[in-house]
Amino acid sequence: MFKGFILCMLCCFGTGLLSAHEAGSDKDIFVSYMKTVRAAEVHSISDLMDETAKFFLGVPYVEMTLEHEPEKLIVNLREFDCMTFVENVLALAETYVSGDASWHTFIKNLEHLRYRNGEIMNYTSRLHYTSDWIYENQKTGAIVDMTLEIGGVHLDMVVSFMSTHPENYVQLQNHPEYIEMMANKEKEINSRRYYYIPKEDIGKCDAQIRTGDIVCFVSSIKGLDISHVGIIHKEGAKMTFIHASSRKKKVIMNDESLQDYALNMKKIRGVMVLRPVLCLNAGE
(Lines give C-alpha, C1' and ligand atoms only; values in the text may rest on other atoms or scores of the structure.)
Protein backbone atom coordinates (compact mmCIF):
# COMPACT_ATOMS: atom_id res chain seq x y z
CA MET A 1 0.00 0.00 0.00
CA PHE A 2 1.18 3.53 -0.60
CA LYS A 3 0.27 6.40 1.65
CA GLY A 4 -1.67 9.32 0.26
CA PHE A 5 -4.32 7.87 -2.05
CA ILE A 6 -5.75 4.40 -1.60
CA LEU A 7 -7.76 3.71 1.53
CA CYS A 8 -6.81 0.81 3.69
CA MET A 9 -9.06 -1.70 2.05
CA LEU A 10 -10.97 -2.85 5.08
CA CYS A 11 -10.71 -1.64 8.87
CA CYS A 12 -6.74 -0.15 26.66
CA PHE A 13 -6.16 -1.99 28.99
CA GLY A 14 -8.01 -1.54 32.31
CA THR A 15 -4.96 -0.13 34.04
CA GLY A 16 -6.40 3.18 35.14
CA LEU A 17 -4.04 5.02 32.79
CA LEU A 18 -5.17 7.32 30.01
CA SER A 19 -6.23 5.36 26.96
CA ALA A 20 -4.82 6.51 23.64
CA HIS A 21 -8.06 8.15 22.51
CA GLU A 22 -8.66 9.88 25.87
CA ALA A 23 -5.22 11.48 26.12
CA GLY A 24 -4.87 15.14 25.30
CA SER A 25 -1.68 15.16 23.21
CA ASP A 26 0.70 12.88 21.39
CA LYS A 27 3.23 13.22 24.22
CA ASP A 28 0.52 12.32 26.76
CA ILE A 29 -0.24 9.21 24.73
CA PHE A 30 3.45 8.34 24.52
CA VAL A 31 3.87 8.61 28.30
CA SER A 32 0.71 6.58 28.90
CA TYR A 33 1.89 3.92 26.47
CA MET A 34 5.25 3.55 28.23
CA LYS A 35 3.56 3.21 31.62
CA THR A 36 1.10 0.68 30.26
CA VAL A 37 3.70 -1.55 28.64
CA ARG A 38 5.96 -1.45 31.70
CA ALA A 39 3.01 -2.48 33.84
CA ALA A 40 2.25 -5.34 31.45
CA GLU A 41 5.74 -6.80 32.05
CA VAL A 42 6.12 -8.17 28.54
CA HIS A 43 8.55 -11.08 28.18
CA SER A 44 8.90 -11.42 24.40
CA ILE A 45 8.96 -9.32 21.26
CA SER A 46 5.69 -10.97 20.22
CA ASP A 47 4.08 -9.81 23.47
CA LEU A 48 5.53 -6.31 23.11
CA MET A 49 4.16 -5.83 19.59
CA ASP A 50 0.82 -7.29 20.65
CA GLU A 51 0.48 -5.11 23.75
CA THR A 52 1.52 -2.05 21.75
CA ALA A 53 -1.10 -2.74 19.08
CA LYS A 54 -3.81 -3.42 21.68
CA PHE A 55 -3.01 -0.15 23.44
CA PHE A 56 -4.52 1.66 20.45
CA LEU A 57 -7.76 -0.33 20.16
CA GLY A 58 -10.61 2.07 19.53
CA VAL A 59 -8.45 4.92 18.21
CA PRO A 60 -10.15 6.57 15.20
CA TYR A 61 -9.30 5.65 11.63
CA VAL A 62 -8.42 8.78 9.66
CA GLU A 63 -6.75 8.84 6.25
CA MET A 64 -4.39 11.38 4.69
CA THR A 65 -2.82 12.47 7.98
CA LEU A 66 0.71 12.72 6.55
CA GLU A 67 0.06 15.23 3.79
CA HIS A 68 1.87 18.51 4.38
CA GLU A 69 3.82 20.92 2.22
CA PRO A 70 6.70 21.27 2.55
CA GLU A 71 7.25 17.63 3.50
CA LYS A 72 7.88 17.11 7.21
CA LEU A 73 7.57 14.36 9.78
CA ILE A 74 3.98 14.15 11.03
CA VAL A 75 3.60 12.63 14.50
CA ASN A 76 0.02 11.63 15.27
CA LEU A 77 -0.85 9.01 17.89
CA ARG A 78 -4.47 10.19 18.07
CA GLU A 79 -5.68 8.78 14.74
CA PHE A 80 -4.35 6.35 12.14
CA ASP A 81 -4.72 4.81 8.74
CA CYS A 82 -3.56 1.21 8.44
CA MET A 83 0.06 2.05 7.60
CA THR A 84 0.56 4.81 10.13
CA PHE A 85 -0.85 2.43 12.76
CA VAL A 86 1.76 -0.23 11.95
CA GLU A 87 4.57 2.33 11.66
CA ASN A 88 3.78 3.84 15.04
CA VAL A 89 3.41 0.46 16.74
CA LEU A 90 6.83 -0.59 15.45
CA ALA A 91 8.46 2.77 16.29
CA LEU A 92 7.06 2.65 19.83
CA ALA A 93 8.23 -0.93 20.34
CA GLU A 94 11.69 0.02 19.06
CA THR A 95 11.74 2.93 21.50
CA TYR A 96 10.68 0.78 24.44
CA VAL A 97 13.60 -1.63 23.98
CA SER A 98 16.17 0.98 22.96
CA GLY A 99 17.60 1.85 26.37
CA ASP A 100 16.47 5.46 25.85
CA ALA A 101 12.69 5.33 25.94
CA SER A 102 12.31 9.06 25.31
CA TRP A 103 10.06 11.12 23.09
CA HIS A 104 13.10 12.19 21.05
CA THR A 105 14.09 8.56 20.43
CA PHE A 106 10.56 7.74 19.30
CA ILE A 107 10.59 10.65 16.83
CA LYS A 108 13.89 9.48 15.33
CA ASN A 109 12.68 5.88 15.09
CA LEU A 110 9.51 6.96 13.31
CA GLU A 111 11.46 9.12 10.88
CA HIS A 112 13.83 6.26 10.04
CA LEU A 113 10.92 3.91 9.36
CA ARG A 114 8.97 6.34 7.19
CA TYR A 115 11.68 7.94 5.03
CA ARG A 116 14.35 6.52 2.77
CA ASN A 117 17.65 6.52 4.67
CA GLY A 118 15.80 8.31 7.48
CA GLU A 119 16.16 11.62 5.62
CA ILE A 120 13.39 14.03 4.67
CA MET A 121 14.38 15.61 1.37
CA ASN A 122 11.00 16.08 -0.30
CA TYR A 123 7.76 14.22 -0.98
CA THR A 124 9.51 11.47 -2.94
CA SER A 125 11.78 10.54 -0.02
CA ARG A 126 8.77 9.18 1.88
CA LEU A 127 8.32 5.43 1.44
CA HIS A 128 4.93 5.56 -0.27
CA TYR A 129 4.83 1.99 -1.56
CA THR A 130 4.76 -0.63 1.18
CA SER A 131 7.01 -2.91 -0.89
CA ASP A 132 9.62 -0.12 -0.85
CA TRP A 133 9.03 0.38 2.88
CA ILE A 134 9.76 -3.33 3.41
CA TYR A 135 12.93 -3.20 1.31
CA GLU A 136 14.36 -0.11 2.99
CA ASN A 137 13.52 -1.23 6.53
CA GLN A 138 15.07 -4.61 5.89
CA LYS A 139 18.28 -2.80 4.90
CA THR A 140 18.36 -0.96 8.22
CA GLY A 141 17.63 -4.15 10.17
CA ALA A 142 14.26 -3.05 11.56
CA ILE A 143 12.36 -5.99 10.06
CA VAL A 144 12.93 -9.22 8.16
CA ASP A 145 10.63 -10.48 5.42
CA MET A 146 9.69 -14.02 6.50
CA THR A 147 7.41 -14.75 3.55
CA LEU A 148 9.66 -17.07 1.54
CA GLU A 149 10.87 -18.94 4.62
CA ILE A 150 7.38 -19.78 5.81
CA GLY A 151 6.10 -21.04 2.48
CA GLY A 152 5.83 -18.07 0.12
CA VAL A 153 5.95 -18.35 -3.66
CA HIS A 154 7.19 -15.96 -6.32
CA LEU A 155 5.06 -12.84 -6.82
CA ASP A 156 4.90 -10.96 -10.12
CA MET A 157 4.39 -7.37 -9.03
CA VAL A 158 4.55 -4.12 -10.96
CA VAL A 159 3.91 -0.79 -9.23
CA SER A 160 3.05 2.26 -11.31
CA PHE A 161 0.00 3.89 -9.78
CA MET A 162 1.52 7.09 -8.44
CA SER A 163 3.35 8.14 -11.59
CA THR A 164 0.40 7.19 -13.82
CA HIS A 165 -2.22 8.91 -11.62
CA PRO A 166 -0.53 12.16 -10.53
CA GLU A 167 -3.90 13.88 -10.46
CA ASN A 168 -4.64 12.02 -7.23
CA TYR A 169 -1.71 13.60 -5.38
CA VAL A 170 -1.57 17.28 -4.55
CA GLN A 171 2.20 17.16 -4.20
CA LEU A 172 2.65 15.64 -7.66
CA GLN A 173 0.33 18.25 -9.13
CA ASN A 174 2.23 21.06 -7.42
CA HIS A 175 5.63 19.60 -8.31
CA PRO A 176 5.48 17.95 -11.76
CA GLU A 177 9.21 17.24 -11.52
CA TYR A 178 8.39 14.67 -8.83
CA ILE A 179 6.44 12.53 -11.30
CA GLU A 180 9.54 11.40 -13.16
CA MET A 181 11.31 10.86 -9.86
CA MET A 182 8.47 8.60 -8.73
CA ALA A 183 8.47 6.75 -12.06
CA ASN A 184 12.19 6.06 -11.69
CA LYS A 185 11.67 4.82 -8.14
CA GLU A 186 8.84 2.55 -9.34
CA LYS A 187 11.21 1.01 -11.91
CA GLU A 188 13.70 0.31 -9.14
CA ILE A 189 10.98 -1.24 -6.96
CA ASN A 190 9.86 -3.42 -9.89
CA SER A 191 13.39 -4.73 -10.41
CA ARG A 192 13.34 -6.53 -7.05
CA ARG A 193 12.13 -10.05 -6.35
CA TYR A 194 9.00 -10.62 -4.26
CA TYR A 195 7.23 -13.51 -2.57
CA TYR A 196 3.77 -13.92 -1.11
CA ILE A 197 1.53 -16.55 0.46
CA PRO A 198 -1.58 -17.06 -1.69
CA LYS A 199 -4.66 -16.49 0.41
CA GLU A 200 -5.79 -20.08 -0.06
CA ASP A 201 -2.56 -21.27 1.60
CA ILE A 202 -2.48 -19.02 4.67
CA GLY A 203 -3.79 -21.79 6.92
CA LYS A 204 -0.91 -24.07 5.89
CA CYS A 205 1.59 -21.50 7.17
CA ASP A 206 -0.07 -20.30 10.37
CA ALA A 207 2.17 -22.37 12.67
CA GLN A 208 5.16 -20.35 11.45
CA ILE A 209 3.46 -16.96 11.78
CA ARG A 210 3.82 -15.32 15.19
CA THR A 211 1.82 -12.89 17.25
CA GLY A 212 3.37 -9.47 16.65
CA ASP A 213 4.37 -10.16 13.04
CA ILE A 214 3.33 -7.56 10.48
CA VAL A 215 0.94 -8.83 7.82
CA CYS A 216 0.71 -7.11 4.43
CA PHE A 217 -2.19 -7.84 2.09
CA VAL A 218 -1.12 -8.12 -1.55
CA SER A 219 -3.44 -6.25 -3.91
CA SER A 220 -4.75 -7.44 -7.28
CA ILE A 221 -5.38 -3.85 -8.40
CA LYS A 222 -3.19 -2.89 -11.37
CA GLY A 223 -0.22 -0.75 -10.39
CA LEU A 224 -0.54 -1.32 -6.66
CA ASP A 225 1.44 -3.55 -4.33
CA ILE A 226 -0.07 -3.73 -0.86
CA SER A 227 -3.61 -2.61 -0.02
CA HIS A 228 -3.69 -3.10 3.75
CA VAL A 229 -1.48 -3.93 6.74
CA GLY A 230 -1.93 -5.02 10.34
CA ILE A 231 -0.36 -6.77 13.34
CA ILE A 232 -0.86 -10.53 13.81
CA HIS A 233 -2.68 -11.67 16.96
CA LYS A 234 -2.94 -15.37 17.86
CA GLU A 235 -5.23 -16.68 20.57
CA GLY A 236 -5.53 -20.41 20.96
CA ALA A 237 -6.04 -21.97 17.54
CA LYS A 238 -7.25 -18.71 15.98
CA MET A 239 -4.94 -16.38 14.07
CA THR A 240 -6.30 -12.94 13.30
CA PHE A 241 -4.88 -9.40 13.26
CA ILE A 242 -5.18 -5.92 14.76
CA HIS A 243 -5.55 -3.07 12.29
CA ALA A 244 -6.86 0.41 11.62
CA SER A 245 -10.09 -0.42 9.82
CA SER A 246 -11.56 1.94 7.25
CA ARG A 247 -14.89 0.07 7.55
CA LYS A 248 -15.13 0.27 11.34
CA LYS A 249 -13.47 3.70 11.39
CA LYS A 250 -11.19 2.71 14.26
CA VAL A 251 -8.44 0.34 15.35
CA ILE A 252 -9.94 -3.10 15.94
CA MET A 253 -9.04 -6.72 16.51
CA ASN A 254 -10.53 -8.47 13.51
CA ASP A 255 -13.33 -10.94 14.26
CA GLU A 256 -12.53 -13.20 11.31
CA SER A 257 -9.43 -15.33 11.08
CA LEU A 258 -6.66 -14.01 8.86
CA GLN A 259 -7.40 -16.59 6.16
CA ASP A 260 -11.17 -15.99 6.19
CA TYR A 261 -10.62 -12.25 5.94
CA ALA A 262 -8.29 -12.65 2.96
CA LEU A 263 -10.58 -15.15 1.24
CA ASN A 264 -13.54 -12.80 1.61
CA MET A 265 -11.71 -9.89 -0.03
CA LYS A 266 -11.84 -10.23 -3.82
CA LYS A 267 -9.02 -7.77 -4.47
CA ILE A 268 -6.54 -9.46 -2.14
CA ARG A 269 -4.22 -12.06 -3.68
CA GLY A 270 -2.49 -13.15 -0.49
CA VAL A 271 -0.14 -11.89 2.21
CA MET A 272 3.46 -11.06 3.04
CA VAL A 273 4.70 -11.59 6.60
CA LEU A 274 7.33 -9.37 8.24
CA ARG A 275 9.00 -9.91 11.60
CA PRO A 276 10.29 -7.02 13.76
CA VAL A 277 13.96 -7.30 14.69
CA LEU A 278 14.08 -6.16 18.31
CA CYS A 279 16.10 -7.08 21.38
CA LEU A 280 13.84 -7.00 24.42
CA ASN A 281 16.77 -6.73 26.83
CA ALA A 282 18.37 -3.77 25.07
CA GLY A 283 17.17 -1.33 27.69
CA GLU A 284 18.31 -3.38 30.69
Side-chain angles (χ1 to χ4, degrees), residues 1-3 5-11 45-46 49-50 53-54 61 81-83 85-87 89-90 129-135 137-138 143-161 186 189-248 251-276:
M1 187 204 76
F2 54 89
K3 313 174 190 81
F5 170 70
I6 193 167
L7 304 182
C8 291
M9 298 293 289
L10 309 161
C11 353
I45 297 307
S46 290
M49 289 290 292
D50 193 47
K54 289 190 293 188
Y61 172 93
D81 64 23
C82 66
M83 192 65 199
F85 169 66
V86 166
E87 272 188 336
V89 166
L90 183 55
Y129 287 100
T130 303
S131 51
D132 200 26
W133 185 94
I134 294 168
Y135 175 80
N137 282 294
Q138 276 206 113
I143 58 170
V144 60
D145 187 345
M146 300 296 298
T147 310
L148 178 60
E149 181 177 330
I150 65 178
V153 297
H154 177 67
L155 170 65
D156 291 320
M157 187 176 73
V158 177
V159 297
S160 61
F161 199 94
E186 289 167 347
I189 294 170
N190 294 335
S191 71
R192 302 168 188 156
R193 193 166 180 84
Y194 300 96
Y195 301 91
Y196 81 122
I197 300 168
K199 58 185 178 181
E200 296 82 5
D201 296 335
I202 292 173
K204 300 176 185 177
C205 305
D206 64 358
Q208 299 179 76
I209 302 174
R210 300 177 185 172
T211 289
D213 285 348
I214 297 168
V215 58
C216 306
F217 295 89
V218 177
S219 176
S220 62
I221 299 174
K222 183 179 179 180
L224 303 184
D225 54 353
I226 305 298
S227 61
H228 195 50
V229 293
I231 306 293
I232 293 291
H233 175 82
K234 299 181 83 169
E235 195 164 333
K238 182 179 180 180
M239 178 172 65
T240 186
F241 64 108
I242 302 169
H243 61 133
S245 167
S246 62
R247 286 186 172 181
K248 299 291 186 179
V251 176
I252 63 168
M253 185 179 296
N254 211 63
D255 290 332
E256 299 169 289
S257 71
L258 179 66
Q259 175 147 26
D260 286 346
Y261 176 90
L263 288 172
N264 288 332
M265 299 302 294
K266 293 181 179 179
K267 294 183 179 180
I268 287 176
R269 298 174 62 184
V271 299
M272 297 178 181
V273 179
L274 319 175
R275 187 156 294 161

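Hydrogens, waters and symmetry mates are skipped; everything else that's a heavy atom, side chains included, is used.
Residues in residues 147-158 take part in no salt bridge (Lys or Arg N to Asp or Glu O under 4.0 Å) pair, two or more places apart or across chains.
A donor-acceptor distance shorter than 3.5 angstrom exists from the side chain of N137 to the backbone of W133, with no hydrogens or angles considered. Counting only distance, with no hydrogens or angles, the side chain of K199 and the backbone of V218 share no donor-acceptor pair below 3.5 Å. In this structure a side-chain-to-backbone donor-acceptor pair under 3.5 Å is missing from D81 to A244.
The shortest side-chain heavy-atom distance between F85 and Y61 does not fall under the 4.5 Å cut-off. Counting heavy atoms from C-beta outward, S227 and K267 have side chains that stay 4.5 Å or more apart. For the pair Y194 and T147, the minimum side-chain heavy-atom distance is 4.5 Å or more. Inter-residue side-chain proximity for V251 and I242 is flagged as met; some heavy-atom pair is nearer than 4.5 Å. Side-chain contact between M272 and L155 is present, with at least one heavy-atom pair separated by less than 4.5 Å. At a threshold of 4.5 Å between non-hydrogen side-chain atoms, the residues C216 and I134 count as touching. You'll find the side chain of Y196 reaches within 4.5 Å of the side chain of V153, heavy atoms only. For the pair M239 and S257, the minimum side-chain heavy-atom distance is 4.5 Å or more.
Atom CD1 of I209 sits about 6.5 Å away from atom CG of L258, to the nearest 0.5 Å. Here R192 contributes atom CZ and Y135 contributes atom OH; the two are 5.0 Å apart, rounded to the nearest 0.5 Å. Note that CZ of F241 and CD1 of I252 are 7.0 Å apart. Values are rounded to the nearest 0.5 Å. With rounding to the nearest 0.5 Å, the separation of CG in N254 from NZ in K238 is 7.5 Å. Here I189 contributes atom CD1 and D132 contributes atom CG; the two are 4.0 Å apart, rounded to the nearest 0.5 Å. Separating the CD1 atom in I268 from the OG atom in S220 is a distance of 8.5 Å, to the nearest 0.5 Å.
Residues P276 and M49 approach most closely at CG-CE, 3.7 Å, considering heavy atoms. Heavy atoms only, all atoms of each residue included: A53 and V89 are closest at CA-CG2, 4.0 Å. In plain terms, the two heavy atoms of I202 and Q259 that are nearest each other are C-OE1, 3.8 Å.
Remark: T211 pairs with S46, D50, K234 by the side-chain contact (heavy atoms from CB on, under 4.5 Å) rule, at least two apart or across chains. Among residues two or more places apart in sequence or in another chain, the side-chain contact (heavy atoms from CB on, under 4.5 Å) test is passed with V86 by I214, V229, I231. By the side chain to side chain donor-acceptor pair (under 3.5 Å) test, N264 is found to be paired with E256, residues two or more places apart in sequence or in another chain being considered. With sequence neighbours left out, D206 forms a salt bridge (charged side-chain N to carboxylate O under 4.0 Å, His left out) with no residue at all. Residues passing the side chain to side chain donor-acceptor pair (under 3.5 Å) test with R275, sequence neighbours excluded: D213.
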Criterion side-chain contact (heavy atoms from CB on, under 4.5 Å) on V273 and I232, from CA distance to verdict: CA-CA 9 Å; V273 179; I232 293 291; 5.6 Å; no
Pair Q138-V144, side-chain contact (heavy atoms from CB on, under 4.5 Å): steps then yes or no: CA-CA 6 Å; Q138 276 206 113; V144 60; 3.8 Å; yes
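A perpendicular orientation is assigned to the rings of Y195 and H154, their planes being inclined by more than 60° (bins at 30° and 60°).
Atom NZ of K204 has 12 or fewer heavy atoms from other residues, nucleotides or ligands within 6.0 Å.
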